K.L.:
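Here's a structure for you.
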Amino acid sequence: MRGYVTLPIVLVLAAVVYIYFTTVFVVIDGWLGLSTASGLANAAALTVLAIMALITYGMAVLKDPGRVPSAFAPGIEDDETAIHEIKRKGGDLRYCQKCSHYKPPRAHHCRICKRCVLRMDHHCVWINNCVGHENYKIFFVFVLYGVSACIHSLVLLVASACYELQKDQQQNGESFNKSYILYAALLCPLTVALSILLFWHIYLILHNKTTIEYHEGVRAMLLAEKVLGPNVVCWICPVSKHIGSGLRFRTSFDIPVPRPSA
């Protein structure tokens, strides 16, 4: 159930704590020193990124992805809901047999959450929650901060490793490998995985699709609304404000056709 602490959530938190403390108190302190200006600056920057990642992660875990109102029942002849969504099987009104109500455009039933989710992207085991209309932005921002923190840590690791290998190649080469091997084995694949996830969702945002719509082959009839909010400056802010109710999305049929001038 949403908000419950599960093993994947514990693993994510443990990984964040381990990478943060190893980067600060092993990599930065051993290479630059925490008493130097450059060491303090790097530690402060990583601390900010780690805090932002933890805040947005917690919000993604706790935030409801968007519920279909129990009273939602679109009228067949309602102009506002005439075009619902264009799929391979047509654009008829969709009815969820499990929830016993109509599904708005882009809503899907999650078998794990056992309910319909507005503009559902996917169910994420790492947050024990669905990613949908109301928490998509905060999930995306979490991934963005996570990638930034991992890349920062990875750059520090590579620079520190090169420095240590140059300095003590013969004396401490064996102990150096033992102390860094677990850290690198966790950080490198995590950085790659999160980076792939980030670029995947950037692709989806640019094409105005969800993960489900991509795999279902939904045609891009919907206009690319600003998923992250109307203000570009606030895109990376840890807020989960979403646009609209999630019950209806603009389509190309909503664009007014310019009349030819006389």
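These figures come from a predicted structure and were not determined experimentally. Any value given below was found using the heavy atoms of this structure, including those in side chains, with hydrogens, waters and symmetry copies removed. We number each residue from 1, following the sequence as shown.
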K.L.:
Pro65 and Cys130: which non-hydrogen atoms are nearest, and at how many Å?
P.N.:
CB-O, 3.4 Å
K.L.:
A side-chain contact here means heavy atoms from C-beta on lying under 4.5 Å apart; do Val12 and Tyr57 qualify?
P.N.:
yes
K.L.:
On a heavy-atom basis, which atom in Ala60 and which in Ile138 lie closest, and how many Å separate them?
P.N.:
CA-CG2, 3.8 Å
K.L.:
Given the rule in the ring-ring contact (aromatic ring centres under 6.0 Å, His included) test, do Tyr214 and Trp200 qualify, once you have shown the distances and angles that lead to the verdict?
P.N.:
CA-CA 11 Å; Tyr214 175 85; Trp200 167 246; 4.9 Å; yes
K.L.:
With side chains defined as the heavy atoms from C-beta onward, is the minimum distance between Leu62 and Asn129 less than 4.5 Å?
P.N.:
no
K.L.:
Look at the side-chain heavy atoms of Ile, Leu, Val, Met, Phe, Trp and Tyr, link any pair under 4.5 Å apart, and say whether Leu13 and Leu197 land in one connected group.
P.N.:
yes
K.L.:
Contact between Leu190 and Ile19 at the side-chain level, heavy atoms closer than 4.5 Å - yes or no?
P.N.:
yes
K.L.:
How long is the gap from NE2 on His101 to CZ on Arg115, to the nearest 0.5 Å?
P.N.:
9.5 Å
K.L.:
Show the numbers, then the answer: is there a side chain to side chain contact (heavy atoms under 4.5 Å, CB included) between Ile212 and Arg106?
P.N.:
CA-CA 9 Å; Ile212 293 177; Arg106 314 182 82 174; over 6 Å; no
K.L.:
Would you say Val155 and Val192 are hydrophobically clustered, going by side-chain heavy atoms of ILVMFWY under 4.5 Å?
P.N.:
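In one cluster with Val155: Val192, no.
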K.L.:
Yes or no on side chain to side chain contact (heavy atoms under 4.5 Å, CB included) for Val61 and Asn128, after CA distance, side-chain angles and deciding distance?
P.N.:
CA-CA 6 Å; Val61 170; Asn128 190 32; 5.5 Å; no
K.L.:
Show the nearest heavy-atom pair for residues Gly39 and Leu32, with the distance to one decimal.
P.N.:
CA-CB, 3.9 Å
K.L.:
To the nearest 0.5 Å, what is the distance between OG1 on Thr56 and NZ on Lys63?
P.N.:
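The OG1 atom of Thr56 sits 14.0 Å away from the NZ atom of Lys63.
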K.L.:
Less than 4.5 Å apart, side chain to side chain, heavy atoms only: is that true for Val131 and Phe140?
P.N.:
no
K.L.:
Of all heavy-atom pairs between Lys114 and His109, which one has the smallest distance, and what is that distance?
P.N.:
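Scanning both residues completely, I find the closest heavy atoms to be C-CE1, 3.7 Å.
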K.L.:
Taking all atoms of both residues into account, what is the closest heavy-atom pair of Pro104 and Leu118, and its distance?
P.N.:
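Shortest heavy-atom separation between Pro104 and Leu118 comes out as CG-CD2, 3.9 Å.
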K.L.:
What heavy-atom pair brings Val117 and Cys110 nearest, and what distance separates the two atoms?
P.N.:
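Result for this residue pair: CG2-CB, 4.4 Å.
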K.L.:
What I'd like to find out is whether the side chain of Asn135 reaches to under 4.5 Å of the side chain of Phe142, using heavy atoms alone.
P.N.:
no
K.L.:
Between Leu182 and Leu186, is there a side-chain heavy-atom distance shorter than 4.5 Å?
P.N.:
no
K.L.:
Checking Tyr95 side chain against Lys103 main chain: does a donor-acceptor pair fall under 3.5 Å?
P.N.:
no
K.L.:
Are side-chain N/O atoms of Ser153 and Tyr20 paired as donor and acceptor at under 3.5 Å?
P.N.:
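No - no donor-acceptor pair under 3.5 Å links their side chains.
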K.L.:
Let me confirm one number: the CG-CG distance from Asn208 to Leu206, rounded to the nearest 0.5 Å.
P.N.:
10.0 Å
K.L.:
Could you state whether Tyr18 and Trp126 fall into the same hydrophobic cluster, counting links through intermediate Ile, Leu, Val, Met, Phe, Trp or Tyr residues with side-chain heavy atoms under 4.5 angstrom apart?
P.N.:
yes
K.L.:
Under a 3.5 Å threshold, yes or no: a donor from one side chain and an acceptor from the other, between Thr210 and Tyr136?
P.N.:
no
K.L.:
Using 0.5 Å steps for rounding, measure from the SG atom of Cys116 to the CZ atom of Phe72.
P.N.:
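It is 10.5 Å, given to the nearest 0.5 Å.
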K.L.:
Report yes if the side chains of Leu34 and Phe25 come closer than 4.5 Å at any heavy-atom pair, otherwise no.
P.N.:
yes
K.L.:
Are Ile28 and Phe21 joined in one hydrophobic group, where the rule is that I, L, V, M, F, W and Y side chains link up if heavy atoms are under 4.5 Å apart?
P.N.:
yes
K.L.:
Which value, rounded to the nearest 0.5 Å, describes the distance between Asn42 atom CG and Leu156 atom CG?
P.N.:
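Those atoms lie 5.0 Å apart.
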K.L.:
Is any side-chain heavy atom of His201 closer than 4.5 Å to one of Asp121?
P.N.:
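Asp121 vs His201: side chains touch.
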K.L.:
Stepwise, does the side chain to side chain contact (heavy atoms under 4.5 Å, CB included) test hold for Leu198 with Leu144?
P.N.:
CA-CA 7 Å; Leu198 176 64; Leu144 178 62; 4.1 Å; yes
K.L.:
Please evaluate residues Tyr180 and Val27 with respect to the criterion side chain to side chain contact (heavy atoms under 4.5 Å, CB included), reporting the C-alpha separation (whole Å), side-chain torsions for both, the decisive distance (0.1 Å), and the verdict.
P.N.:
CA-CA 9 Å; Tyr180 275 66; Val27 176; 4.0 Å; yes
K.L.:
Which word best sums up how the rings of Tyr163 and Trp31 line up, parallel for under 30°, tilted for 30 to 60°, or perpendicular for over 60°?
P.N.:
tilted
K.L.:
Quick check for you: to the nearest 0.5 Å, what is the distance between Leu204 atom CG and Thr211 atom OG1?
P.N.:
5.0 Å
K.L.:
Grouping I, L, V, M, F, W and Y whenever their side-chain heavy atoms are under 4.5 Å apart, do Val147 and Val17 come out in a common cluster?
P.N.:
yes
